[in-house]
Amino acid sequence: MDFLLQNTLSGHKEKVFPADGQALRFYCCGPTVYGPAHIGNFRTFAIQDLFRRTAEAVGIRTCHVRNLTDVDDKTIRESQKAGLSLKEFTDQWTLRFEADCKALNLLEPHHSPSAVSHIPQQIELIQRLVDKGLAYKGQDGSVYFRISAFPDYGKLSGLCRDGLVCNADGRLHSEDEYGKEDYSDFALWKGWKEEDGPNRWDSPWGPGRPGWHIECSAMSMHYLGESYDVHSGGVDLVFPHHENEIAQSEGATGKPFARHWFHPTHLRVEGQKMSKSLGNLYTLDDIRAKGFTPEELRYVLISGHFRQPLNFTWDSLHAARSALQRLQRFRSRLSPEAPSVQVPVGDSISGFGMWEPVMVALADDLNAAQALGRLFTLLPQAEVALSADPSQRASILKGFDMVMFAFGLSLDAPAMEGLIAVPEDVSALAEERWQAKQSRDWAKADALRGELVAKGWIVKDAKDGYSLSPAAG
RNA sequence: GGCACGGUAGCCAAGUGGUAAGGCCGGGCUCUGCAAAAGCCCUAUGCGUCGGUUCGAUUCCGACCCGUGCCUCCA
């Protein structure tokens with residue numbers, strides 16, 4: 001099964017493929033660890049995870065790198081506010097980020113390099129650019145990339161260099177910037193300033209710290225080679241971040257950098273842009289506080305097409321809950337055993353069976369919306385097929401689990417339920433009610449159910465027992 | 001101002017030159033002491049507006065309206 005994906009560089013759908021005999025080399029721009037990531041950040045990471053899972057599900061091995069930006073203006077400023085060293089500060093947010101990723105069932109990247117731990121690689125790359133005349137030291141002690149020496153600048157974003165200067169329409173900064181030859185030139189190395197405090201590293205150009213763009217070039221090439229397969233980040237990174245990465249990398253090596261680029265678009269919240277002032281920069285904890293699970297959020301985040309802006313609403317989380325429950329019920333009817341979520345590389349290509357149309361949709365430019373549509377259409381068909389011929393159970397189950405692997409849905413809600421502690425008095429009431437019901441004392445049973453509801457618990461009867469769950473809301 | 005993208009049922013959201021996937025909500029039915037759950041069924045004569053091309057357009061073209069993104073460090 002071919003895996004097609006629109007390439008930002010060409011504007012066309014192109015086949016995703018690794019070099020012969022190698023893993024698909026895949027780089028993602030990761031978070032700046034100065035606070036909790038919000039659900040908009042996680043939309044991008046969830047889509048990237050969907051990309052990786054889809055690749056692996058169709059039999060493409062991957063090597064996935066996602067960096068951590070742990071030195072920049074924000075991390076320095078916020079660490080100082082918090083009274084912590086930069087490392088203490090970014091470490092704590094890195095742990096938080098990793099925990100959130102795990103909760104969202106994002107596969108762990110094979111490498112998660114941080115900028116601070118790759119300073120030498122960045123200095124070396126800057127040195128290559130200086131040596132080739134593509135970078136220069138400015139009057140302010142910083143080193144800048146000389147855009148005028150890189151004719152291809154603008155090929156990713158479609159913005160030409162002249163356009164940058166001419167079309168900004170008043171948004172152009174005044175020319176009081178000093179140190180740079182040209183307004184558009186960007187910093188590779190930032191000379192140390194008073195407000196940076198102890199956060200300084202030595203370099204051939206004096207003390208300072210790396211610029212933001214250089215870290216991704218240096219680390220991606222360090223782990224994946226000077227030319228690699230796929231590079232991804234949020235749509236806002238197309239310009240200037242990715243444009244600058246291309247300039248730095250191709251300028252230094254003279255070779256093509258990443259071949260294939262894709263950019264998930266932004267999340268909107270209740271029809272509005274996310275912003276601090278609107279108070280809608282929700283984190284995973286905010287989602288939990290409203291009683292939803294990370295998996296429900298994941299479902300929402302991946303359920304729209306990644307190049308289409310997605311409008312997040314609380315209602316969509318309710319919809320996700322119901323949809324997931326249907327999948328869970330289907331899965332547990334198929335087999336009570338927990339799904340195997342191991343990477344299915346190797347035997348996957350012919351393994352989807354009746355679910356193949358779902359994977360075809362995912363492998364066609366990551367069309368998750370269409371894939372989910374097909375999935376739900378096939379659900380009743382699977383039930384019919386199963387009752388007609390029970391011997392198909394194993395193959396239906398296998399294909400279904402593989403598709404769930406690709407979506408990254410573990411369908412493990414029952415395990416979650418077990419984690420909710422039921423207070424003593426509640427379980428005693430419930431037990432008393434069950435006994436009343438067994439002796440057909442309907443009035444008493446109903447009265448006891450009323451008491452349980454008053455305590456915020458809902459009881460549901462089955463043939464041979466009952467279950468308790470906290471009332472919604 | 002430049003470039004790009006989008007406007008599909010109450011909500012979310014696919015898709016196609018030939019008569020609108022799917023999910024949620026809502027309604028109905030079956031089942032069950034009751035309730036809930038579950039399963040089944042139904043739910044857009046219309047796809048921003050107005051023109052054009054066509055046997056036929058939501059799908060192509062044009063104009064317009066509205067919304068969104070990027071235009072130097074924001075996923």
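Letters go in sequence order (proteins before strands), and every chain restarts at 1.
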A/Lys273 vs B/G69: side-chain N/O to OP1/OP2 distance below 4.0 Å: yes
Between B/A21 and B/U43 - P atom distance, rounded Å: 11 Å
Rounded distance (Å) that lies between atom P of B/C73 and atom CZ of A/Phe239: 10 Å
P atoms of B/G22 and B/C34, separation to the nearest Å: 33 Å
Presence of A/Arg440 side-chain N/O under 4.0 Å of B/C34 phosphate oxygens OP1/OP2: no
Paired nucleotide for B/A38 [Watson-Crick or G-U wobble; both distances under 3.5 Å]: B/U30
Distance, rounded to the nearest Å, where A/Gln122 contributes CD and B/C73 contributes P: 19 Å
Rounded interatomic separation in angstrom, taking CH2 from A/Trp261 and P from B/C70: 18 Å
Distance below 4.0 Å between A/Arg374 side-chain N/O and B/A21 OP1 or OP2: no
Span that lies between the P atom of B/G51 and that of B/U58, in whole angstrom: 13 Å
Sugar-phosphate only, base, or nothing, as touched by A/Glu243 at under 4.0 Å among non-hydrogen atoms: nothing
Atom-to-atom span, CZ of A/Phe376 to C1' of B/G39 - whole angstrom: 15 Å
Pairwise C1' distance for B/C31 and B/G15, with rounding to whole Å: 37 Å
Whole-Å gap separating P (B/C40) and CG (A/Leu379): 9 Å
Interatomic distance where CZ belongs to A/Phe262 and P belongs to B/A75 [whole Å]: 16 Å
Contact under 4.0 Å: A/Arg321 side-chain N or O vs B/G23 OP1/OP2: no
Side-chain-base donor-acceptor pair under 3.5 Å for A/Lys74 and B/C74: no
Between B/G23 (C1') and A/Ile302 (CD1): distance, integer Å: 13 Å
